[in-house]
Protein chains: 2
Amino acid sequence: MGVRDITDNQKSIFYLLTQDEKEELQHHISLSHYKKNEFVFKEGDKPTGFMILVNGKVKIFKEGVGGREQIIRMTKPLGLIGYRALLGEETHNGSAVTLEESLICNISAEFIFNRALKNPDFSYRIIRKLCQELGFSNARTVTLTQKHIRGRLAESLILLADKYGYEHDGFTLRAYLSREDIANLSNMTTSNAIRTLSTFANEKVIAIDGRKIKILDANRLERISKLG
Amino acid sequence: MGVRDITDNQKSIFYLLTQDEKEELQHHISLSHYKKNEFVFKEGDKPTGFMILVNGKVKIFKEGVGGREQIIRMTKPLGLIGYRALLGEETHNGSAVTLEESLICNISAEFIFNRALKNPDFSYRIIRKLCQELGFSNARTVTLTQKHIRGRLAESLILLADKYGYEHDGFTLRAYLSREDIANLSNMTTSNAIRTLSTFANEKVIAIDGRKIKILDANRLERISKLG
DNA sequence: CCGCCTGTATGTTTTATAGCATCAAAGCTA
DNA sequence: TAGCTTTGATGCTATAAAACATACAGGCGG
């Protein structure tokens, strides 16, 4: 993924801007580089613009009771960051931190409000994106509150596979999170994430080697997520 | 609230349509009457249109593990129902059931897509609404998973007060839910909702008389929600 | 009027998971 | 390389909340 993809890649939200709009967009873009584990913004910050992840991985999380963090979602290249707060005219209600070295493209709020949102195709694409994310969030609320530990962890692993895919071997998750992040994604303590991953490994559902996780039996994992 | 409010009330999402658009809207409206505890739509249904609640109360919930229901949100007059699925071009991912006798206004999908969404003011209002709801949903995910029973129940009571307000006495919640619904809103079993409500009543934070709930000490309730 | 069902109330038991403690391994820095 | 810090692993204990059981009250239909 590169900066060009922001206008030229079908998956980018800006793909269907008119040629004119795309040209103007160029004048409203700036790029920022982030190291691993760097904050992009913090809960309570005022949004500065519309951000697109060009390269890397970012987690968006909220601090809960006693500072315990819950990862709300994770972003892959061409994904949007912090747009909810900007478009909703609110402050950020979660924090964003890079999981690896990342490149983020910042588009001025002015361009979004005065140009992009005047284009109904763009607006509608934003609306669809928000609707989908809202559906996802509602579903997560239910599974995170109702499923048991095994089910929650299995769901998280499936989520990671869906979002980041596999390495060339077809088994290894293309995401190398700490156990703590896996726990924060799955609403459990780090100990329980470690313990349950070990159990899954014993059951040959996955194989673990440090942060490398191989999904050996995706069907079984799916079943654990649904029923466990 | 009446049907007129849909175009004339500032709080309605259609308020800022042009006069022309408002007139055309009249030809795309139909009204439906629902009795108490009637389904408006079910999880998995294809959305039929854009719905606005004119009168009454509706709960939107998802069925989770073992049929246990989690109330995602509740609607008051001029609130939207089922628009997420329509605009996101998905099936409903939750069910809607009336909590009291209700009047619902249905606007054709055709009008929304071909007319309303061509108006950037309307689109942007939808976007803002979605952003706010998404923020709410994310926040709920964290509190429902992390807060303890007392905190979750206190939060639900505050939510009900914010959404439906108080009767003329200034204390009685203008919402008369079953204990089961209160439980499903707060992610707990009915027994625990009953028990915890009793505890709050003993502590003089609230007073209960059947389904009538008086908030006696709103500050204390707020504190319980934050810390408890 | 009586019995039945539904909703509410409350006590007891069981269990999932948080919390804590300890230890090993790995990674980093001086 | 040695020492320090972070991360991962695992056992034990404590506890919040579910699950279960029982009982009572109010409304409804026969």
Side-chain angles (χ1 to χ4, degrees), chain A residues 35-37 64-70 97 99-100 142-157 173 175-203 206-214 224 227-228, chain B residues 35-37 64-70 97 99-100 142-156 175-203 206-213 224-225 227-228:
Chain A
K35 280 174 291 196
K36 191 175 168 171
N37 293 324
V65 182
R68 202 175 135 199
E69 86 180 42
Q70 174 64 47
V97 165
L99 290 169
E100 1 177 300
V142 176
T143 59
L144 286 180
T145 54
Q146 294 195 0
K147 281 185 186 175
H148 284 183
I149 278 209
R150 287 168 59 86
R152 298 204 299 274
L153 182 64
E155 182 173 294
S156 291
L157 293 176
L173 283 183
Y176 301 84
L177 307 189
S178 68
R179 301 293 194 261
E180 193 181 359
D181 278 334
I182 294 177
N184 292 341
L185 183 62
S186 316
N187 180 37
M188 62 185 65
T189 55
T190 308
S191 316
N192 276 328
I194 292 169
R195 214 187 302 273
T196 312
L197 281 172
S198 300
T199 314
F200 284 177
N202 283 333
E203 295 169 359
I206 64 173
I208 45 182
D209 172 17
R211 294 190 176 189
K212 191 200 283 183
I213 298 177
K214 283 188 185 176
I224 295 173
L227 311 166
Chain B
K35 281 174 292 199
K36 190 175 169 170
N37 293 325
V65 182
R68 203 174 134 201
E69 86 179 42
Q70 174 65 47
V97 165
L99 289 169
E100 356 175 304
V142 177
T143 58
L144 286 180
T145 54
Q146 295 195 359
K147 282 184 185 174
H148 284 182
I149 279 210
R150 287 169 59 87
R152 297 204 301 273
L153 183 63
E155 182 174 294
S156 291
Y176 301 84
L177 307 189
S178 67
R179 300 293 194 262
E180 194 182 356
D181 278 334
I182 293 176
N184 292 340
L185 183 63
S186 317
N187 180 35
M188 62 185 65
T189 56
T190 307
S191 315
N192 276 329
I194 292 169
R195 212 188 303 273
T196 312
L197 280 171
S198 300
T199 313
F200 284 176
N202 283 334
E203 295 169 358
I206 64 173
I208 45 183
D209 173 16
R211 295 192 174 188
K212 191 199 283 182
I213 297 176
I224 295 173
S225 167
L227 312 167

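Within every chain, numbering begins at 1; the chains are lettered A, B, ... in the order of the sequence lines, protein sequences first and strands thereafter.
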Q: Report the nucleotide, chosen from D/dA18, C/dT10, C/dA16, that has the shortest atom-to-atom distance to any side-chain atom of B/Ser198.
A: C/dT10

Q) CG/B/Leu185 to CG/B/Leu177 distance, rounded to the nearest 0.5 angstrom? A) 7.5 Å

Q) Under 4.0 Å: is that the gap between some side-chain N or O of B/Arg195 and OP1 or OP2 of C/dA9? A) no

Q.
Of the options C/dT17, C/dG7, D/dA9, whose atoms approach the side-chain atoms of A/Arg179 most closely?
A. D/dA9

Q. Within this structure, what is the CG-to-P distance between A/Leu153 and D/dG8, rounded to whole angstrom?
A. 14 Å

**Q.** Value in whole Å for how far the C1' atom of C/dT17 lies from CG of A/Leu197
**A.** 16 Å

**Q.** Length of the line joining A/Lys36:NZ and D/dT6:P, which is rounded to integer Å
**A.** 15 Å

Q: Take atom CG of A/Asp209 and atom P of D/dA9, then tell me their distance rounded to the nearest Å.
A: 10 Å

(Q) Quick check on contacts: within residues 184-194 of chain B, what sits under 4.0 Å from DNA chain C by heavy-atom distance? (A) B/Ser191, B/Ile194

Q: Round to a whole Å and report the spacing from CZ of A/Arg211 to C1' of D/dA9.
A: 15 Å

Q.
For the OG atom of B/Ser186 and the CE atom of B/Met188, what is their distance to the nearest 0.5 Å?
A. 4.5 Å

Q) In whole Å, what is the span from the CG atom of A/Asn37 to the P atom of C/dG27? A) 15 Å

Q.
I'd like to check B/Asp181 versus B/Glu69 (side-chain heavy atoms, cut-off strictly below 4.5 Å). Are they in contact?
A. yes

**Q.** Rounded interatomic separation in angstrom, taking CD1 from A/Ile208 and P from D/dT7
**A.** 17 Å

**Q.** Spatial distance of atom CG (B/Leu197) from atom CD1 (B/Ile194) [nearest 0.5 Å]
**A.** 8.0 Å

(Q) Could you walk me through whether A/Leu173 and A/Ile206 satisfy the side chain to side chain contact (heavy atoms under 4.5 Å, CB included) test, starting with their C-alpha distance in whole Å, then the side-chain angles of each, then the deciding distance to 0.1 Å, before giving a yes or no? (A) CA-CA 10 Å; A/Leu173 283 183; A/Ile206 64 173; over 6 Å; no

Q) Any side-chain heavy atom of A/Arg179 within less than 4.5 Å of one from A/Ile208? A) yes

Q) Would A/Arg152 and A/Leu144 count as a side chain to side chain contact (heavy atoms under 4.5 Å, CB included) if you check the C-alpha gap in whole Å, the side-chain angles of each, and the deciding distance to 0.1 Å? A) CA-CA 6 Å; A/Arg152 298 204 299 274; A/Leu144 286 180; 4.1 Å; yes

Q: Calculate the interatomic distance between B/Arg150 atom CZ and D/dA16 atom C1'; express it in whole Å.
A: 13 Å

